[in-house]
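Beneath this line is the structure, given in structure tokens, with notes to follow.
Bear in mind the structure is a predicted one, so any value in this text is a computation, not a measurement.
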Amino acid sequence: MNLKSLTDGLILKTITGSTSLEITNLDTDSRNIKPGGLFICVPGFRVDGHDYARDAVTNGAVAVVAEQDLPDLPADVTFIKVPDVRRALPILANAFFWQSYRKT
């Protein structure tokens with residue numbers, strides 16, 4: 001699925017990088033990201049997904065959604081900043097999985 005199609009439903013966002021990327025998977029766990037993935041940094045009580053953005057990129061993430069700036073991301077990784085990742089997550093998941101469902 002095209003990244004632009006995924007992010008169209010996000011109202012408040014700042015995008016740095018290309019939105020013409022093809023997204024093959026999305027996840028909040030950097031260990032589950034595969035090449036072509038979209039990593040969503042969810043802050044938690046014990047761990048913060050922002051701390052694992054580089055690991056997700058190493059595993060193949062081509063784009064990252066986060067609430068905080070991530071200056072250490074490589075220049076070729078698209079960065080999508082949103083005010084609330086927990087609000088963005090269901091919008092992104094719905095767009096991704098609904099499109100996948102409609103293709104079958």
For residues [X] and [Y], report the shortest heavy-atom separation together with the two atoms involved.
| X | Y | answer |
| --- | --- | --- |
| Ser30 | Phe39 | N-CE1, 3.4 Å |
| Ala88 | Leu10 | CB-CD2, 3.6 Å |
| Asp48 | Pro43 | OD1-CA, 3.5 Å |
| Val62 | Leu21 | O-CD1, 3.6 Å |

Nearest-0.5 Å distance that lies between atom [atom1] in [X] and atom [atom2] in [Y]:
| X | Y | atom1 | atom2 | value |
| --- | --- | --- | --- | --- |
| Glu67 | Arg87 | CD | CZ | 11.0 Å |
| Ile91 | Asn94 | CD1 | CG | 9.0 Å |
| Asp51 | Cys41 | CG | SG | 9.0 Å |
| Asn2 | Ser20 | CG | OG | 6.5 Å |
| Ile40 | Leu26 | CD1 | CG | 5.0 Å |
| Lys81 | Gln68 | NZ | CD | 8.5 Å |

Assess whether atom NZ of Lys13 is packed by more than 12 heavy atoms of other residues, nucleotides or ligands within 6.0 Å.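 More than 12 within 6.0 Å, yes.
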
Co-membership, hydrophobic cluster, residues [X] and [Y], 4.5 Å side-chain:
| X | Y | result |
| --- | --- | --- |
| Ile33 | Val47 | yes |
| Ile15 | Ile23 | yes |
| Val82 | Val64 | no |
| Ile80 | Leu92 | yes |
| Val77 | Phe79 | yes |

Give a yes or no on whether a salt bridge exists between Asp72 and Arg54, defined as a side-chain N under 4.0 angstrom from a carboxylate O.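 No, no charged N to carboxylate O under 4.0 Å.
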
Is it true that Arg31 and Asp29 make a salt bridge, defined as a side-chain N closer than 4.0 Å to a carboxylate O?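 Counted as a salt bridge, because a side-chain N and a carboxylate O are separated by less than 4.0 Å.
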
Give a yes or no answer on whether the side chain of [X] reaches the backbone of [Y] with a donor-acceptor pair at less than 3.5 Å.
| X | Y | value |
| --- | --- | --- |
| Glu22 | Met1 | yes |
| Thr78 | Ser18 | yes |
| Thr24 | Pro35 | yes |

Val42 vs Arg86, side chain to side chain contact (heavy atoms under 4.5 Å, CB included): CA-CA, chis, key distance, verdict: CA-CA 7 Å; Val42 177; Arg86 286 186 179 89; 4.0 Å; yes

